S.K.: 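One structure, as structure tokens, below. Some questions next.
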Amino acid sequence: MSKQTTFALACVVVLSALVPGVAGYLTARMEAIEAAERNLRALEARLQLREARDARPVSYSVPCLHPPSTPQLQEFSASALGREEHAGRGRPGEAAPDWLPGLVQDVERAVTGE
């Protein structure tokens, strides 16, 4: 065979591998672009729906005529509850546990670094 025939056959072999590869690559890129456009349109539609929902006026069927009443809290002194020595700790009439002062001291020592 001549050199020209060999060169022509080599070019045909290279092109036979290169052309389908490039065509497949370009097809995949075009499909990716189309998918991105579809996703963008879907997101734009969702955004428009959300903006339309947020922009519409809110209507209530029954107007609020009276504000709700708040419960009245009554304060009692510790002596009125019966246990002055434990005022402000736990439930009324309940003594603090024996381990609590030791725990408080341990925490204070840990915080101060002693």
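Atoms considered below: every heavy atom in the structure, side chains included; atoms not considered: hydrogens, waters and symmetry mates. Note that the coordinates shown come from a computational prediction; the quantities given were computed from them, not determined experimentally.
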S.K.: Is there a continuous path of hydrophobic side-chain contacts, each under 4.5 Å between heavy atoms, that joins Val107 to Val104?
M.R.: yes

S.K.: Can you tell me if CD on Gln4 sees more than 12 non-hydrogen neighbours from other groups inside 6.0 Å?
M.R.: no

S.K.: Mind checking the NZ-OG1 spacing from Lys3 to Thr5? Nearest 0.5 Å is all I need.
M.R.: 12.5 Å

S.K.: For the CD atom of Glu44 and the CD atom of Glu37, what is their distance to the nearest 0.5 Å?
M.R.: 10.5 Å

S.K.: How many angstroms lie between atom CG of Leu40 and atom CD1 of Ile33, to the nearest 0.5 angstrom?
M.R.: 13.0 Å

S.K.: Out of curiosity, Gln48 CD to Leu43 CG, how far, rounded to the nearest 0.5 Å?
M.R.: 11.5 Å

